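So the structure is just underneath, and the comments pick up after that.
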There are 2 protein chains.
Amino acid sequence: MGRPTMEDVARRAGVSRALVSLVMRGSPKVSQTRRAAVQRAAQELGYSPHAMARSLASRTSTVLGVMVSDLHNPFFAEVIDGLDVMAREQGFDVIINTGGRSPARERRALTSLLSFRPAGVVLLSPVVPSAAISSAAAQLPVVLVARSSRLSGVDTVNDDGEQGGALAVDHLVSLGHRRIAHLDGGEGSGSGARRRGYLTAMAGHGLPARIVSSEYTDAAGARAVRELLAAGELPTALVACNDLNAVGAVSALEEAGLRVPRDVSVVGYDNTALAALRHVSLTTVDQPRNEIGRLAAESLLQRVRGERAHPARHLLHPSLVVRSTTAPPPD
Amino acid sequence: MGRPTMEDVARRAGVSRALVSLVMRGSPKVSQTRRAAVQRAAQELGYSPHAMARSLASRTSTVLGVMVSDLHNPFFAEVIDGLDVMAREQGFDVIINTGGRSPARERRALTSLLSFRPAGVVLLSPVVPSAAISSAAAQLPVVLVARSSRLSGVDTVNDDGEQGGALAVDHLVSLGHRRIAHLDGGEGSGSGARRRGYLTAMAGHGLPARIVSSEYTDAAGARAVRELLAAGELPTALVACNDLNAVGAVSALEEAGLRVPRDVSVVGYDNTALAALRHVSLTTVDQPRNEIGRLAAESLLQRVRGERAHPARHLLHPSLVVRSTTAPPPD
DNA sequence: TAGAGCTGTTAGAGCGCTCTACTGACGAGC
DNA sequence: GCTCGTCAGTAGAGCGCTCTAACAGCTCTA
């Protein structure tokens, strides 16, 4: 009934439990004969080692915990891909958890993750208060993605939103646009940096900035455009805070009888799968998501192995992906 | 340096380790005084129980393992939401893993999940060979979502694709359509049932069926429409195998100068967030994803508690969400 | 007044492993 | 021939917890 243990395998193979342990961990100091016997016995019994007992006994863990604030956001899926590959290459297992964007749920999720005593944790865009992060960081290495922190026990990996915002502006300016508005992401993670990038780039080109407050949703993007239309202040180009917002903006423009990009150009941010759809084909700023995941895993493993004690602050370069929603301004 | 243990808490509170254990598990047979003392000591030391040691000692687990074939598909995010809520209500923790659509990676992911000795596992649309599933099922309760199985140790939760396919056809017929084609999902999970639903419903209305082979991507949807156009056989309505495919079909129609839904109606499947975007506003078949997750958790917990031994086969009813891509046929 | 029946508490074994220290066997070196 | 070192293997403690059994210290009953 119960699953077989090392003891069972040892008995069947006619060796000691300790030897089975050595075989399971691939130790070189086991004779071929015994190794084969143990492996056969394990095979026959359907034995596989008990990760928890192992980590309890060895006082080490080969598990990395990942808490995702929002599983619905495909952005994280790609980050996790990169992270997962990197972790597995280094012999670590990854377990994932979700906090569903709620601070209370995230707190529980984090506690639950910590109860497995992983070697370290990665928090993807957490909304949990920083006190919770610092108390976690007191126990094990912590890496933050898409959220900054000044804690010295914590590494961070972010994309350079300022650069991304500037990339969008520069592209539009090079097409000949001069009246460019920014649909602002408000409280959204990273929106401050994107806004600053927009402002700096506009100032750099000697152009007047125009910020419309909005949010990371398509409905908000549409609303922002309607406000601009109602005020009679529609510019020739829009830099949206993210792809969803950009798509909402495009639909509001089309509903108003305007054509994108003939009448108005629109740039998104994130290069989500949505932006790549032919039906949408959005010019957007791409974050190197896979790379973000790899770097997060790498930073964490450096800490885990004690190779580094000072905090790492990674800032990755975004790039522009030009598709069909940008063109020179009319006339 | 090391994290505090029960022993530390016990010493600090001036009680035995066993009493701390009772307090941690919320046992009623502890006096108020001692309980308070223990809780204070735990608080001061920043103690939290070691889940692995606990499950090792108690020979039980309060962990449910979830393996997701593809984290990029937002469909699973909602299933996990439902599952997670249900599991937490019942005092279980959820850990997630991903197999990235590759049988080899899924196998590793499954092994890794099992090494935590969870109370049971849920496999979301796994592509792993059924031998791996049955060997897992020999060790613990297994629930399959979006994949069927005849194994008696395995429960399954699926949406009724036949009903969904029929729902789409019935809606179009009631609008007056008679020439309705199906863009088929090929090898995609659940596409067979959707096709059968289409075929049965068409036959039921006495209409000729027309199946175009396609896939679960927007590019494939566009290609299928171009084939229909090239053959001069464009029907007045399309039942796509999923939302992505439907969006691809819509763009190809619009590229050809046709208007949706004035010239051609299109119905998707899945009711993804994409379908709800105003820019897309796709009429589609909705699967009760949250409910799927809840049912998966519920089935698993019934098995875990030994309340049921025979396999459960849940088939959930999809529903139609009418948006802006369907209308009566021209003339 | 002895026993029965609580209630609150503890000692100690043991969950499935790893790890340190040790043993026995065997050949090399003097 | 004797020590020494190496190699293959084992015994036994212990990781942080739970659980069983036992045990004080009560009150209640006969």
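Residue numbers start from 1 in every chain, and the chains themselves are labelled A, B, ... in the order their sequence lines are given, proteins ahead of strands. Here the structure is a predicted model, which is why all the values come from computation and not from measurement.
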Please report, rounded to the nearest Å, how far the P atom of D:dT18 is from the NE2 atom of B:His50. 11 Å
Report for the helix from C:dT1-D:dA30 to C:dC30-D:dG1: angle between first-end and last-end helix axes, five pairs each, rounded to 10 degrees. 60°
Would you say B:Arg25 and B:Ser21 are linked by a side-chain donor-acceptor pair, where the criterion is simply a distance under 3.5 Å? yes
A:Arg59 CZ to C:dC17 C1', in whole Å, measures 11 Å
Between B:Arg308 and B:Glu298, does at least one N-O distance fall below 4.0 Å, as a salt bridge requires? no
Show the numbers, then the answer: is there a side-chain hydrogen bond (donor to acceptor under 3.5 Å, both in side chains) between B:Ser148 and B:Arg313? CA-CA 9 Å; B:Ser148 53; B:Arg313 305 268 177 256; over 6 Å; no
If only side-chain N and O atoms of A:Ser58 are considered, is one of them under 4.0 Å from the OP1 or OP2 phosphate oxygen of C:dC17? no
Looking at every non-hydrogen atom in both residues, tell me the closest pair between A:Ala296 and A:Val143 and how far apart they are. O-CG2, 3.8 Å
For nucleotides 10-12 of chain C, list the nitrogen or oxygen atoms of the protein found under 3.5 Å from its nitrogen or oxygen atoms, one pair per line.
from: C:dT10; atom 1: OP1; to: B:Ser16; atom 2: N; distance (Å): 3.4
from: C:dT10; atom 1: OP2; to: B:Ser16; atom 2: N; distance (Å): 3.0
from: C:dT10; atom 1: OP2; to: B:Ser16; atom 2: OG; distance (Å): 2.7
from: C:dT10; atom 1: O5'; to: B:Ser16; atom 2: OG; distance (Å): 3.3

Once you round it to whole Å, what is the distance between P of D:dC15 and CD of B:Glu7? 9 Å
Between B:Ser55 and D:dC17, is there a side-chain N or O to OP1/OP2 distance below 4.0 Å? no
In whole angstroms, the gap separating P of C:dC17 from CG of B:Leu56 amounts to 9 Å
B:Asp84 versus A:Arg105, closest heavy-atom pair with distance: OD2-NH2, 3.0 Å
Rounded to whole Å, CD of A:Gln139 lies from P of D:dG16 at a distance of 14 Å
Can you tell me how far P of C:dG16 sits from CG of B:Leu114, to the nearest Å? 16 Å
Could you tell me whether the phosphate oxygens of D:dT18, OP1 or OP2, come under 4.0 Å of any side-chain nitrogen or oxygen in B:Ser21? yes
Could you pick out which residue, B:Ser31 or A:Ala57, lies toward the 5' side of DNA chain C when each is mapped onto its nearest nucleotide? B:Ser31
N or O in side chain of B:Arg54 less than 4.0 angstrom from D:dT18 OP1/OP2: yes
B:Met6 CE to D:dG14 C1': how many Å, rounded? 17 Å
Grab the two heavy atoms, one from B:Phe76 and one from B:Ser125, that are nearest each other, plus how far apart they are. CZ-CB, 3.4 Å
C:dC17 P sits how many Å from A:Arg3 CZ, rounded? 9 Å
So, for A:Ala10 and A:Arg17, which heavy atoms are closest and what is the spacing to 0.1 Å? CB-N, 3.7 Å
Quick one, A:Asp155 and A:Leu300 - any side-chain contact, counting heavy atoms below 4.5 Å? no
With nearest nucleotide decided by heavy atoms, which residue, B:Thr33 or A:Met24, maps closer to the 5′ end of DNA chain C? B:Thr33
If the threshold is 4.0 Å, N to carboxylate O, is there a salt bridge linking A:Asp8 and A:Arg12? no
